[in-house]
Amino acid sequence: MEEDDDEASKDNDEVVGLAMTDRAEEDAHNVAARLLPQQAQWIEEQEHLKRSLVQRDHFLWKYVPGNDIISTVSGDKHVEDNSLHYVGGVDLSFCKEDPSLACGALIVLEMPRLKVVYKDFDIVHLDLPYIPGFLAFRESPVLLELLRKMRMHKPALFPQLLMVDGNGILHPRGFGLASHLGVLADIPTIGIGKNLHHVDGLNDIVVKVLASKYLKKAGDAIDLIGKSGKVLGAALKSKDDCKKPVFVSIGHRISLDSAIDIVRACCMYRLPEPVRQADIESKEYLRKML
DNA sequence: GCGACAG
DNA sequence: ATCTTGTCGC
């Protein structure tokens, strides 16, 4: 008898398209609610990891804005220099049919050419839903595994800096996905948000007003200051003809000014190349898998 | 009470 | 995140 009911309701869902959507949203809502106790524990973990967060430049290489001159010495590949050569980007793409199925991507570009020199992917099944403020618990496992694998098999190209599709300290507790990954992998990271995370009084209205007033041309940036007075990140106009800015924030082991300079140097389109390539390639890899 | 809320 | 068509501009 139970089975009959289940079959009947399943059939209804398939016949009535909207029922499917409602069911999916309801499930996501219920799962998020069921995870409320878990969230208290996650907050503790974020607060704990945050103690290791470094919000200033902490790396051996240097980046000189506007210096596109490649290293000098000709023909000697053994010369060690301390400039920024490899920048990584990570992103996840999801399957529309099965939203729990995702493809994580780690892409590495060589600077200043912005050419892809490494890419790796992993198809994974995600148990946790997306919950604002807790993105790292959903996405970081697969990304950390991709980083670990690369460190083991291709250390020569391992990125000196990682750009993450998600915020760093521009986050309710000042510890978003980019910071989470940075601390756990112990590498410099920059948070790249495509949308503003409404935090500490910041909202789309405020940003829109500031942007129309101060973001005139590509490269222009404004600090995003919460009502607490803290600089949480910056809105950067990455292209002249791009109305919507990209939201840059400190991930780990880098200052906001340095982060903005490097993101500027990586922008051919709205999104900086490392993140854009990770986005494109992860979608393509997932598509070919199906 | 209801809505808002990175990906 | 993903679903989608056209459309404005170089």
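Side chains are part of it too, since the values below use all heavy atoms of this structure and drop only hydrogens, waters and symmetry mates. To find a chain, count down the sequence lines: A is the first, B the second, and so on, and within it residues start at 1.
Sorted by first and then second residue, the side chain to side chain donor-acceptor pair (under 3.5 Å) pairs with a member in residues 166-178 of chain A read A/Gln46-A/Arg173; sequence neighbours excluded. Residue pairs satisfying the salt bridge (Lys or Arg N to Asp or Glu O under 4.0 Å) criterion with at least one member in residues 43-62 of chain A, sequence neighbours excluded, are absent.
A/Val164 places none of its side-chain heavy atoms less than 4.5 Å from the side chain of A/Ile192. In this structure the side chain of A/Leu92 reaches within 4.5 angstrom of the side chain of A/Val142, judged on heavy atoms.
Atom P of nucleotide B/dC5 and atom CG of A/Leu35 are separated by 21 Å, given to the nearest angstrom. In this structure, CZ of A/Phe94 is placed 12 Å from P of C/dC3, rounded to the nearest angstrom. For the pair A/His171 NE2 and B/dG7 P, the computed distance is 12 Å after rounding to whole Å. Counting to the nearest Å, the P atom of C/dA1 and the CG atom of A/Leu128 are 19 Å from each other. Rounded to whole Å, atom C1' of C/dA1 lies 13 Å from atom CG of A/Asp98. The nearest whole Å value for the distance from the CG atom in A/Leu271 to the P atom in B/dG7 is 9 Å. Separating the CG atom of A/Leu101 from the P atom of C/dA1 is a distance of 17 Å, rounded to the nearest angstrom. In this entry the distance linking CG of A/Asn167 with C1' of B/dA6 reads 5 Å, nearest Å.
Hydrophobic side-chain contacts under 4.5 Å tie A/Ile205 to no other Ile, Leu, Val, Met, Phe, Trp or Tyr residue. Other cluster members for A/Val206: A/Leu210, A/Tyr214, A/Leu215, A/Ile222, joined by side-chain heavy-atom distances under 4.5 Å among Ile, Leu, Val, Met, Phe, Trp and Tyr.
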Derivation of the side-chain hydrogen bond (donor to acceptor under 3.5 Å, both in side chains) call for A/Ser100 and A/Asp98: CA-CA 5 Å; A/Ser100 68; A/Asp98 178 7; 2.7 Å; yes
A/Leu236 and A/Asp220: CA distance, side-chain angles, deciding distance, side-chain contact (heavy atoms from CB on, under 4.5 Å) verdict: CA-CA 6 Å; A/Leu236 170 69; A/Asp220 291 348; over 6 Å; no
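Within 4.0 Å of A/Asp165, counting heavy atoms only, lie sugar-phosphate atoms of the nucleic acid but no base atom. Using a 4.0 Å heavy-atom cutoff across all strands shown, A/Phe137 reaches no nucleic acid atom at all.
Taking the six-membered ring for Trp and thresholds of 30 and 60 degrees, A/His180 and A/Phe137 have ring planes more than 60 degrees apart, a perpendicular arrangement.
Remark: aromatic rings of A/His197 and A/Phe247 are distant, center separation not under 6.0 Å.
In DNA chain C, no run of at least 3 Watson-Crick or G-U pairs (N1-N3 plus N6-O4 or O6-N4, or N1-O2 plus O6-N3, all under 3.5 Å) shows up, so the stem list is empty.
In the region residues 178-207 of chain A, proximity to DNA chain B at under 4.0 angstrom, judged on heavy atoms, holds for A/Gly193, A/Lys194, A/Asn195, A/Leu196, A/His197, A/His198. Listed in residue order, the members of residues 245-259 of chain A having a heavy atom less than 4.0 Å from DNA chain B come to none. Taken residue by residue, residues 280-290 of chain A places no heavy atom nearer than 4.0 Å to DNA chain B.
With sequence neighbours left out, the salt bridge (charged side-chain N to carboxylate O under 4.0 Å, His left out) criterion links A/Arg151 to no other residue. Residues meeting the salt bridge (charged side-chain N to carboxylate O under 4.0 Å, His left out) test with A/Asp120, sequence neighbours left out: A/Lys149.
Of the candidate nucleotides B/dC5, C/dT2, B/dG7, C/dT2 has the atom lying nearest to any side-chain atom of A/Lys96.
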Under 3.5 Å, which N/O atoms of the protein pair with N/O atoms of nucleotides 8-10 of chain C?
none

Dot-bracket line, read 5' to 3' along DNA chain B, where crossing pairs take [ ] and | marks a partner on another strand, Watson-Crick or G-U under 3.5 Å: .......
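Stacking annotation: A/Tyr130 is stacked on the base of B/dG7 (ring centroids less than 5.5 angstrom apart, interplanar angle below 30 degrees).
Checking side-chain atoms of A/Arg253 against main-chain N and O of A/Val54 turns up no donor-acceptor pair under 3.5 Å.
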